Structures are given as structure tokens and as C-alpha cells.
2 protein chains.
Amino acid sequence: MTLHHADNDAERPSDEVDRLVAAWRQERPDLDVEPLQVLSRVSRLARHLDRARRAAFAEHHLENWEFDVLTALRRAGEPYELSPGALLRATLVTSGTMTNRIDRLTAAGLVRRRPDPEDRRGVLVSLTDAGRARVDNAFADLLRRERDLLAGLGKHEQQALSGLLRTLLVPFDATDTGAH
Amino acid sequence: MTLHHADNDAERPSDEVDRLVAAWRQERPDLDVEPLQVLSRVSRLARHLDRARRAAFAEHHLENWEFDVLTALRRAGEPYELSPGALLRATLVTSGTMTNRIDRLTAAGLVRRRPDPEDRRGVLVSLTDAGRARVDNAFADLLRRERDLLAGLGKHEQQALSGLLRTLLVPFDATDTGAH
DNA sequence: TCTATCTGTCTTGACATCGAGATACTGTGT
DNA sequence: ACACAGTATCTCGATGTCAAGACAGATAGA
């Protein structure tokens, strides 16, 4: 079957989403399930990426969430210092979560808290030397592994892919005010 | 700045990942952070999708995890029945999680458990009529919303995108045996 | 100055997930 | 028959996250 359009045939390797879409076409031929071809793949790939990152960071004794916070600080540049509010906007988590994360990173000696001299409600969180060393090592390692994951695509294909993804992302990053 | 290569210029709208990559280039000019252009976008987009799905399902009184289980059963076709083991492989969660989910879906009257007549260790989980109605409505709604999210891309672009994503996904779906 | 409102951080309680292990049954080989 | 490895499900304890709200301090208007 599906002989009526030679679109998707030929012996291209198929993934779980191909099977999923085929099952839906069988069960709900009345619906157009094309959107799943893109968006289910995005979700599933993200899930696999999460696991791959977990494995990568294990060697550096870092959890994914620790890495997320530390990289946000590292990216900020000298003196590697941000407010909790800036951190939660960068990492897309809520304020309760961020407080908890900072507590644990402080206990682990990777970040430091100090009162904001210009706003007495506020706090500033900064990287310790140990934190900076850990994140720099882990980040270099992560990039190596991510390059491997992308090895199946040529340079131009990667650029095409990131361009298409950007188009989907722009509306979110424009209108979204982040989590509170 | 960044005048030395006209790559990424022109006034293309930019997203958070463009800013993130720019920050890394400033801080770590020694590293090639190109992989982030693809993979950070995948992660962030998945995160946004998760929220969008949450909003979509709220109207149907469904949580994301409920939808995942119910659709797996719905896709299976008549009589909409699978083992917990098959369900956890389909949804990429652990067995403890799946037991818990089935408990709660049973309490909500959306699925039913019965002993497997052919394997007395086993159980079979099936959709109730209420469960099937709920998932069918929610799925149609989800597809409408996902189509809107993809409105920024033409048909060919969507196909190109799903093809590129499939290339990245195949290695995972081939070697991965799922969560236990 | 006083008051109302806003903002930034932290606290609390509920909850879904994971990982490891317990339990029950199957099927194979001796 | 019997033991043993394999498989399927469930139980339990620990953990990370969220949502809502408490609280202190900032900010603007009268």
C-alpha cells in the first residue's frame, strides 16, 4: 500500500516516528498527522539528548541541572555572577526550583551567594574557582560528544537544520516572558 | 563585530540560541560551538512544546503523561490493549513510573486492567470508552495546534526538517532498547 | 511622608519520576 | 521432576520540580 505517492518510499532507514505515523494513518485515516513528523521527532530527540548528556556529565560528577546553571554563569563572563532571577529566566525553571538548585550548588562548593549591594532584596550568585573548572571541562567534553551525534549530517545540512529550527523557535523566544 | 564572516548576518530574526552561541564565542573563542546551533535548539524547542501541549490538554482535562499512555493504546488499534511492558517501551519511562500511571488512569476510569489469560505473570491494559473519547478529542486538538506552530514553514521545508531529524534519530532508535 | 503596588527571593506541600529490589511466573535444559 | 536463568509487574524510598504564597525591600504617586 501507499503506492499512490512515491514520496516516502525507497529504502530510507526509518525511525520510531515513521512507525508511529504509520500506525496513526491506519487508525485515523481521517486526520492529517504530518505535524508529528516534525514535532514528535523534536520531542523524542530531546529525550535521547537528555540521556546522552547525563552520561557525558557523569564522568565530571555533574548532573544535567547543575550543568545548566553553571553554564549560564560561565557564559555571563567575568565575574561570572548573575541574580537568581536571571538564572531562572536562562534555564526555564521556576523560582522555587532555582532556589533549591542554588542551595545544592552552594553546598557542593561550585557557586557562592552574596547579597546584592545595590538591592537589598536581591542576591548575586557567582561561580567559585572549582565551579568554573568543572564547567569548563564538562563543556568541552559535551561539545565533543555532540559533534559525534551530528556526524551523520554534513556542514550544510547542519546549517539548514539549525535554520529551520530557528524559524520554529523565534515565536517562542519573542513572546515568551519565561517561567515564574 | 563578527564582520569577518558574513555567515550569520543579514537581518534574520534571531532566537535565544543565537544569543547563547554569541556569548560562548565571546567567552570561549577557542571552542567550536557549532553543535549547539542544532542541539540546543532541539532541547529548547522540546521544552516549549511540552508547555504548549500542557495548555492544549488542560481543556480536555488531561495531563501530558496521561495523553502519552492513552495515545499508545489508541494507536495499537482494536481492542486498544497492550501490556505494561509494551507501554513503557512506547513512552520511554521506567516500569515503576508506568505502574503508577496505570494506577492513576484506572482510578480516573480511562483505562482498565485485566490479567493476561496467556501469561499469568502478566497484565493487559485497555482503553475504556471514556478513555477513547478523551484521547480522540485531545489528539485532534493537538494536531490543530501543532499545525499552527509549523505555519512558519512551507510543506517542503517541513519535509526537509523531518528528514534531517530522522537522520539524527535513527541511531538512537536502532541501538536503544528502551528504559527499564 | 505615607501608602499602594510591584519585584525578587525563599518556603512549603503535593506530586511525578527514577532506580533498585521484591515477587511471581515461564520456559529450558538436565 | 527439578533447578536456574529470564521475564513481567509491582513496591518502596529518595529526589527534583512545580504552583502558590509569604515576606522584605523598592518604587511611584498623592
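Just so we're on the same page: letters track the sequence lines, and every chain starts at 1. Computed from a predicted model, the values in this text were never measured in an experiment.
Here the side chain of A:Thr94 is nearest to one of D:dA19, D:dC10, C:dT9, namely D:dA19. Here the side chain of B:Asp119 is nearest to one of D:dT9, C:dT9, C:dT26, namely C:dT26. Across D:dG16, D:dC10, D:dG21, the shortest atom-to-atom separation from the side chain of A:Ser95 is found for D:dG21.
A side-chain N or O of B:Thr97 and one of B:Thr94 form a donor-acceptor pair less than 3.5 Å apart.
A salt bridge is absent between B:Arg101 and B:Glu63; no separation between the charged side-chain nitrogens and carboxylate oxygens falls under 4.0 Å. Between B:Asp141 and B:Arg145 there is a salt bridge, with a side-chain nitrogen of the basic residue lying less than 4.0 Å from a carboxylate oxygen of the acidic one. Using a 4.0 Å cut-off between charged nitrogen and carboxylate oxygen, B:Asp50 and B:Arg47 do not count as a salt-bridge pair. A salt bridge links B:Glu27 with A:Arg74: the closest approach of a Lys/Arg side-chain nitrogen to an acidic carboxylate oxygen falls below 4.0 angstrom.
Following rounding to the nearest Å, A:Leu88 (CG) and D:dT17 (C1') show an atom-to-atom distance of 13 Å. In this structure, B:Ile102 places its CD1 atom 15 Å from C1' of C:dT17, rounding to the nearest Å. One interatomic measurement links the two molecules: CH2 of B:Trp65 to P of D:dG16, which rounds to 22 Å at whole-angstrom precision. The separation between A:Met98 atom CE and C:dG8 atom P is 15 Å, rounded to whole Å. The CZ-P distance, from B:Arg101 to C:dC18, rounds to 7 Å in whole Å. Nucleotide C:dA16 holds its P atom 11 Å from the CG atom of B:Leu105, rounded to whole Å. For the pair A:Asn64 CG and D:dT17 P, the computed distance is 10 Å after rounding to whole Å. Whole-Å rounding puts the B:Leu87 CG to D:dC10 P distance at 11 Å.
With the nearest nucleotide of DNA chain D identified for both B:Pro84 and B:Arg47, B:Pro84 has the one nearer the 5' end. Comparing A:Arg54 and A:Asn100 against DNA chain C, the residue whose closest nucleotide sits nearer the 5' end is A:Asn100.
Applying the 4.0 Å criterion to OP1 and OP2 of D:dT9, one finds that B:Arg89 has every side-chain N and O outside that range. Contact check, B:Arg120 against C:dG27: no side-chain N or O comes under 4.0 Å of OP1 or OP2. At D:dG16, one or more side-chain N or O atoms of A:Arg104 fall inside 4.0 Å of OP1 or OP2 (strictly under the cut-off).
In this model, no side-chain donor or acceptor of A:Thr97 finds a partner on the base of D:dC18 within 3.5 Å. Remark: the B:Arg121 side chain and the C:dT26 base include no donor-acceptor N/O pair separated by less than 3.5 Å.
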